[in-house]
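The block underneath contains the structure these notes are about, expressed in structure tokens.
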Amino acid sequence: MPTTDVDLRARIVAGAISAYRVGDFHRVGPDEVAEHAGVSADELRRAFPMWELLVVAVMDKWNNGSRRQLWPIAERDGTVAYLRARLVAGIEDPGLVRLRVAVLSAASNPDHPAAGWFRTQYTRAFEDVTLALVRDVVAGRESRGASPRHAAEQLMALYEGLQLQSVIRDDGEPLSAFDRAVARMRVGWAAARVDA
């Protein structure tokens with residue numbers, strides 16, 4: 001049975017994920033991806049004529065796939081549990097964290113060909129966390145003290161910072177640091193309700 005373009009692209013994306021798991025973002029190029037995917041460099045260029053398109057496909061499959069897979073935790077156990085699960089996933093798969101950090105840096109450049117897509121994805125993730133916090137407040141899982149948007153800013157900053165530390169620091173304990181920081185945040189959220 002002949003390989004379709006969809007099959008070829010899926011194979012290349014899987015190969016790119018494999019390459020990024022073992023290599024640095026800046027050292028993984030078409031040759032490394034082609035080798036991991038078991039395709040020729042010409043097939044790779046035909047499927048993804050722009051390198052940025054491949055990176056977008058990788059992020060959509062890998063990062064967004066992880067986000068969608070873990071989202072039921074937010075629905076069932078709340079936003080904090082969801083972000084903690086995402087932190088665990090990053091610790092278990094540091095290649096994804098390294099790729100996210102590199103891509104976020106690239107996306108901060110408005111001239112990057114995929115900057116709009118990356119920014120939209122980040123904004124969507126932030127809005128998801130904000131909406132989940134609204135639900136947590138309504139369900140009584142979180143205090144009514146802090147606004148969900150401000151709480152989302154705090155939680156996302158904590159999550160992003162600890163993700164980065166998890167791939168930089170050898171002596172870090174990101175999960176216990178997350179738990180301690182969230183406990184302090186919740187005290188502040190409750191105090192804000194009393195002061196209001």
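- Here the closest heavy-atom approach between residue G23 and residue R98 is recorded as O-NH2, 4.3 Å.
- Minimum interatomic distance between I91 and P174 (heavy atoms only, all atoms of both residues): CD1-CG, 3.5 Å.
- Residues S66 and N63 have side chains that never bring a donor and an acceptor to within less than 3.5 angstrom of each other.
- By the neighbour-count criterion of 12 heavy atoms within 6.0 Å, atom CZ of R76 is densely surrounded, having more than that number from other residues, nucleotides or ligands.
- Partner V80 forms a side chain to side chain contact (heavy atoms under 4.5 Å, CB included) with one of R141, M185, R186 and no other, that one being R186.
- Using cut-offs of 30° and 60° for the angle between ring planes, the Y82 and W71 rings count as perpendicular.
- Looking at D93 and W62, their side chains do bring a donor and an acceptor atom within 3.5 Å of each other.
- Contact detail for V28 and A19: the closest heavy-atom pair is CG2-O, 3.7 Å.
- When all heavy atoms of A177 and L162 are compared, the closest pair comes out as CB-CD2, 3.9 Å.
- With respect to the salt-bridge test (charged N to carboxylate O, under 4.0 angstrom), the residues E160 and R86 do not qualify.
- With sequence neighbours excluded, no residue forms a salt bridge (Lys or Arg N to Asp or Glu O under 4.0 Å) with D77.
- Checked by atom type and distance alone, the side chain of R21 never pairs as donor or acceptor with a backbone atom of G95 at under 3.5 Å.
- A donor-acceptor distance shorter than 3.5 angstrom exists from the side chain of D136 to the backbone of T79, with no hydrogens or angles considered.
- In summary, the side chains of W189 and Q154 do present a donor paired with an acceptor at a separation below 3.5 Å, with no hydrogens or angles considered.
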Could you go step by step and tell me if L83 and L87 meet the side-chain contact (heavy atoms from CB on, under 4.5 Å) rule?
-> CA-CA 6 Å; L83 287 174; L87 190 59; over 6 Å; no

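- Among all heavy-atom pairs drawn from M50 and P113, the shortest one is CE-CB, 4.0 Å.
- A donor-acceptor pair under 3.5 Å links the side-chain atoms of E43 to the main chain of S40, judged by distance alone.
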